[in-house]
Amino acid sequence: MKLFRHVLLFSFVAVMAVNSFVIASETPNTSQLDADGFSVEMNDPRYTKLKTYLVEMKDGVLTPTELVVPEKTKFRLVVRNLGNKPAEFESNQLRQEKVLFMNAETTLVIIPLDAGTYDYFDDFAPTTHGKIIVKAKD
């Protein structure tokens, strides 16, 4: 009976995780720009209070390699590892660092930034680099 409860609980958690990942993966690619020249926000009902952008990591490839956000605006960054090996999202300038196992997702809240360029990279794939471009609103 105890084993049955564990199997049932594990199955429920697995179904919920897959369902949440499928919903989140139906979002547009954030490398596209809107009419104001900023990256298109992630459209996910779980994230409604802050502007939210998606960065995907897959076996040493970052998508998008450039993310354009407005200055002096707090935003959320959803980082997803779609690869077959662990990845580490890291930015020394933003003072952010997160290790993600395969098929894992995490969120980072980024404080309002001044205009400029902020680098990020996969610490497990040192040649992989991206940047967040913070520009003034027109």
Side-chain angles (χ1 to χ4, degrees):
M1 189 65 162
K2 192 174 186 180
L3 177 64
F4 177 73
R5 276 189 279 162
H6 287 291
V7 169
L8 186 61
L9 180 62
F10 177 77
S11 299
F12 176 74
V13 170
V15 167
M16 293 305 292
V18 168
N19 186 31
S20 137
F21 189 72
V22 167
I23 288 170
S25 65
E26 295 172 355
T27 59
N29 187 343
T30 56
S31 63
Q32 299 172 353
L33 300 180
D34 64 12
D36 296 325
F38 298 109
S39 293
V40 175
E41 292 180 50
M42 182 177 176
N43 183 17
D44 190 323
R46 296 177 294 173
Y47 309 117
T48 57
K49 296 189 182 201
L50 291 174
K51 290 181 178 281
T52 303
Y53 303 96
L54 175 65
V55 172
E56 293 179 330
M57 306 172 91
K58 184 173 183 181
D59 299 326
V61 176
L62 292 171
T63 306
T65 55
E66 289 186 358
L67 187 65
V68 183
V69 300
E71 74 172 336
K72 307 223 185 289
T73 304
K74 185 175 179 181
F75 64 94
R76 178 180 288 112
L77 196 59
V78 175
V79 182
R80 200 178 282 157
N81 181 9
L82 303 174
N84 295 322
K85 57 185 178 181
E88 181 177 359
F89 176 90
E90 187 164 347
S91 174
N92 295 327
Q93 295 164 318
L94 298 174
R95 294 186 178 133
Q96 296 286 344
E97 180 178 10
K98 290 280 186 161
V99 175
L100 293 102
F101 290 100
M102 294 71 65
N103 296 314
E105 176 179 294
T106 190
T107 61
L108 306 163
V109 175
I110 308 298
I111 61 171
L113 300 169
D114 292 327
T117 303
Y118 301 83
D119 296 328
Y120 62 90
F121 56 96
D122 180 355
D123 202 24
F124 294 163
T127 60
T128 304
H129 293 275
K131 59 184 166 181
I132 297 173
I133 301 169
V134 181
K135 69 178 201 173
K137 298 177 187 178
D138 292 333

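As the structure is a prediction and not an experimental result, all values here were calculated from the model. For the single chain, residues carry numbers from 1 onward in sequence order.
- At a threshold of 4.5 Å between non-hydrogen side-chain atoms, the residues Lys51 and Val69 do not count as touching.
- Shortest non-hydrogen contact noted between Tyr120 and Pro64 is OH-O, 2.5 Å.
- Atom OG1 of residue Thr117 and atom CD of residue Glu66 lie 8.5 Å apart, to the nearest 0.5 angstrom.
- Phe124 and Leu62 are members of different hydrophobic clusters when ILVMFWY side chains are connected at heavy-atom separations under 4.5 Å.
- How far NZ of Lys85 is from CG of Asp122: 8.0 Å, rounded to the nearest 0.5 Å.
- Considering every non-hydrogen atom in both Lys74 and Pro112, the closest pair reads N-CG, 3.8 Å.
- The backbone N or O of Glu90 sits nowhere less than 3.5 Å from a side-chain atom of Asp123 that would complete a donor-acceptor pair.
- Hydrophobic clustering of Ile, Leu, Val, Met, Phe, Trp and Tyr side chains at less than 4.5 Å, counting indirect connections, unites Leu67 with Val79.
- For the pair Asn81 (side chain) and Asn103 (backbone), a donor-acceptor distance under 3.5 Å is absent.
- Within the model, atoms NZ of Lys98 and CD of Gln96 stand 7.5 Å from one another, a figure rounded to the nearest 0.5 Å.
- Looking only at distances, a side-chain donor or acceptor of Asp59 sits under 3.5 Å from a matching main-chain atom of Asn84.
- Transitive grouping of hydrophobic side chains (ILVMFWY, heavy atoms separated by less than 4.5 Å) keeps Val55 and Val61 in distinct clusters.
- When side chains are defined from C-beta on, Pro70 does not count as touching Lys135, because their heavy atoms never get closer than 4.5 Å.
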Under the criterion side chain to side chain contact (heavy atoms under 4.5 Å, CB included), I'd like the reasoning laid out for Phe89 against Leu77: C-alpha separation, chi angles, the key distance, then a yes or no.
CA-CA 11 Å; Phe89 176 90; Leu77 196 59; 3.7 Å; yes

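- Between the CD atom of Glu71 and the CG atom of Leu113 there is a distance of 9.5 Å, given to the nearest 0.5 Å.
- The shortest distance between side-chain heavy atoms of Ile132 and Tyr53 does not fall below 4.5 Å.
- Minimum interatomic distance between Ala125 and Gly60 (heavy atoms only, all atoms of both residues): CB-CA, 3.8 Å.
- Residues Phe121 and Leu108 are members of separate hydrophobic clusters, defined by side-chain heavy-atom contacts under 4.5 angstrom among Ile, Leu, Val, Met, Phe, Trp and Tyr.
- Here CG of Leu100 is found 10.0 Å from CG of Leu82. Values are rounded to the nearest 0.5 Å.
- Side-chain contact between Asp114 and Lys72 is present, with at least one heavy-atom pair separated by less than 4.5 Å.
- Leu54 contributes atom CG, which lies 5.0 Å from atom CZ of Arg80 (distance to the nearest 0.5 angstrom).
- In terms of modelled atom types and a separation under 3.5 Å, the side chain of Thr128 and the main chain of Pro126 share no donor-acceptor contact.
- Listed for the Ser91 side chain is a donor-acceptor partner under 3.5 Å among the backbone atoms of Asp119.
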